Amino acid sequence: MDFDAAYLAQQWPALMGGLWVTCQVTLLSIVLSLLIGLFGAAFRLFSVPILSQLTFGYVELVRNTPILVQLFFIFYGLPAIGLGISQFWSGVLCLSLWAGAYQVENIRGGLLTIEKGLKEAAFSLSLSLRQYFRLVALPLAIRTSLPSMLNTSISLLKNSSYLQAIGLAEMTFIAVDRIATDFRAVEMFTAIGALYLALVIVLSLMTSIVEHKLRKPFRV
Amino acid sequence: MDIILDNWPLIQKGLGMTLGLAVVTLLFSTLVSLILGVMATLHSRMLRWSIHGYVEFFRAIPLIVNVFFVYFVLPTLGLDLSPFAAVVFGLTLWGSANGIEIVRAGIEAVPAHQWRSAWALGMRQWEVYWHIVAPQAIRLIVPPFTGLLTLLVQATSLGALVGVTEFLKVGQIIIERSAVMNGVSPAFLVYGFVLAVYFIICSALSWLSRYLERRLGRKSNRKPSLVPSGMREAV
């Protein structure tokens, strides 16, 4: 078994195409999952009737079922009742819903660490509940939950490889597709292993930049 | 619901296969985790670093790539695996990577003075592990390991992609068969059913994990969470 670098060079453009799809799906889903997490956490924390219970049920459902079944349910199940969406958007929907459930818990965990005194202080300065949430609680909570939010985002990136099962041409799909025709498994797996690793590192770097920015008001 | 009842024998077989995959994977993962996890607490720097490398590597690569790697690459190296064995092997690499962290953290959570007292009494290294450390560490290790089992049950659904007739694959088969016979796809109902069954099994296991954590944690006053970051959401 020898490593064929020329083959890898020849397949490189296709892999880059897959990488681009992976990046698109991942970034879109990270943004959407954070939005879900934000609203879900707020519903749970302020015990909004109905919405709070719905969020709880949603989180439990996502956490206790395989993502692959969730994906199949969205991509094959929904069209059966007339709600067909494309592979790309099925993927984005599945990943966002999946990661959103964890982001709810991450953000809620961050919000729970905030001292009660801050709320009283904010109210005595005649801030409204909404202003308190937006200006005081949220910026602090995000700082605390940033590491776990990063973890979930990294898992999301890795789980984007599941989308190959519905035929979305992302990185893993391209690799497996080429292996089926050319049988050069070692080269392909080395390449996508390295690319996933690189993506994880880029994501971590992006988070540390955000972290650095958020610390600004606290720096002396 | 007729479609579920009509295919009951097939569904039973698929569930059996899923549980079989989960049990075998957990057995191997536990074995590897215990051996390497204990080795990671020994005083050899090289050993610690190589185990750390193993853990980080298999947690950084997507689970699906782990399984596909085993399934596609090992045959080219002359090792032909059945789909069942490939899934077990691929999941064990990932499961043990998380298990090693749990075991290592559990052992390291035992206070250092316990070690020193045992040495002062003239105990040998393995005696300390067996009589002093293990009884304390097991209380911490069991709950997260139950959590790992939940994730492994979920991860066995990957078998559907390499051709193991487990629960999800059975769902696919039923849908295809029925779509050919009746002309309408029952995908919504069948995948909904598959989701519901996984939900029941995995909720029970998560509940068990939380229960064990409360129950076993009560006796010790320190209760560090041993769940490796990123594990609780891996699949």
Side-chain angles (χ1 to χ4, degrees), chain A residues 1 60-83 98-99 101-103 105-106 147-148 150-152 154-165 171-172 175-176 179-180 183-190 192-194 196-197 200-201, chain B residues 18 56-57 59-66 68-78 150-151 153-161 167-168 171-172 175 179 184-192 194-207 228-235:
Chain A
M1 197 69 230
E60 286 298 303
L61 181 70
V62 168
R63 285 224 285 214
N64 289 315
T65 49
I67 186 168
L68 196 57
V69 183
Q70 296 165 14
L71 182 66
F72 281 6
F73 184 73
I74 289 174
F75 185 68
Y76 296 111
L78 292 186
I81 56 163
L83 289 169
W98 178 85
Y102 292 99
Q103 302 289 22
E105 292 301 293
N106 293 340
S148 50
L150 171 68
N151 261 325
T152 304
I154 288 175
S155 299
L156 189 156
L157 163 69
K158 289 190 279 174
N159 281 349
S160 72
S161 57
Y162 279 97
L163 303 188
Q164 69 90 25
M171 221 153 62
T172 310
V176 174
I179 291 167
F183 305 109
R184 306 233 56 120
V186 176
E187 287 83 353
M188 275 307 183
F189 276 111
T190 313
I192 61 170
Y196 275 115
L197 221 58
V200 170
I201 292 169
Chain B
T18 292
E56 288 301 314
F57 182 77
R59 285 176 50 193
I61 305 297
L63 186 51
I64 199 169
V65 178
N66 269 343
F68 280 179
F69 179 79
V70 172
Y71 187 64
F72 287 114
V73 174
L74 293 190
T76 65
L77 303 175
T150 318
L151 295 178
V153 170
Q154 293 184 19
T156 55
S157 59
L158 269 170
L161 301 182
F167 193 43
L168 178 59
Q172 282 178 323
I175 291 166
V184 277
S185 166
F188 186 78
L189 188 75
V190 173
Y191 284 136
V194 176
L195 266 180
V197 171
Y198 270 114
F199 180 67
I200 292 167
I201 297 172
C202 296
S203 307
L205 285 171
S206 335
W207 179 85
S229 65
M231 179 190 109
R232 66 194 172 89
E233 59 204 17
V235 272

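Worth saying up front: this structure is predicted, and the values here are computed from it rather than measured. Proteins come first, then strands; the chains are lettered A, B, ... in the order of their sequence lines, and each starts at number 1.
- If you measure heavy-atom distances from Y196(A) to chain B, the contacts under 4.5 Å come from the side chain alone.
- Heavy atoms of L83(A) lying under 4.5 Å from chain B are absent altogether.
- Taking CE of M188(A) as the reference point, atom CZ of F183(A) lies at 13.5 Å (rounded to 0.5 Å).
- Put simply, OH on Y76(A) and CD on Q172(B) are 7.0 Å apart, with the number rounded to the nearest 0.5 Å.
- Between chain A and the options I200(B), L168(B), V197(B), the largest number of non-hydrogen pairs under 4.5 Å is found for L168(B).
- Contacts between Q164(A) and chain B at a heavy-atom distance below 4.5 Å involve the side chain alone, from C-beta outward.
- Looking at L195(B), both its backbone and its side chain come within 4.5 Å of chain A, counting heavy atoms on both sides.
- For the set I201(B), V65(B), I175(B), the entry with the most heavy-atom pairs within less than 4.5 Å of chain A is V65(B).
- Using modelled atom types, no side-chain atom of S157(B) and backbone atom of P66(A) make a donor-acceptor pair closer than 3.5 Å.
- Counting heavy atoms from C-beta on, the side chains of Q103(A) and N106(A) come closer than 4.5 Å.
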Working note: F72(B) + V176(A), criterion side-chain contact (heavy atoms from CB on, under 4.5 Å); need CA distance, chi angles, decisive distance, verdict. CA-CA 9 Å; F72(B) 287 114; V176(A) 174; 3.9 Å; yes

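- Both the backbone and the side chain of S203(B) come within contact range of chain A, with heavy atoms under 4.5 Å apart.
- Residue contact with chain A, scored on non-hydrogen atoms closer than 4.5 Å, involves the backbone and the side chain of I61(B) alike.
- Taking every heavy atom of both residues into account, I67(A) and W98(A) meet most closely at CD1-CG, 3.6 Å.
- Side-chain N/O atoms of S206(B) and N64(A) include a donor and acceptor closer than 3.5 Å.
- Contact of S161(A) with chain B is made through backbone and side chain together, with heavy-atom distances under 4.5 Å.
- The candidate from I81(A), L78(A), V200(A), I179(A) with the greatest count of non-hydrogen atom pairs under 4.5 Å with chain B is I81(A).
- The part of F189(A) that comes within reach of chain B is its side chain, from C-beta onward, which places non-hydrogen atoms under 4.5 angstrom from that chain.
- When atom types are taken as modelled, the side chain of Q154(B) and the backbone of C202(B) share no donor-acceptor pair closer than 3.5 angstrom.
- Per-residue heavy-atom pair counts under 4.5 Å with chain A were compared for P62(B), A60(B), P75(B), and the maximum is reached by P62(B).
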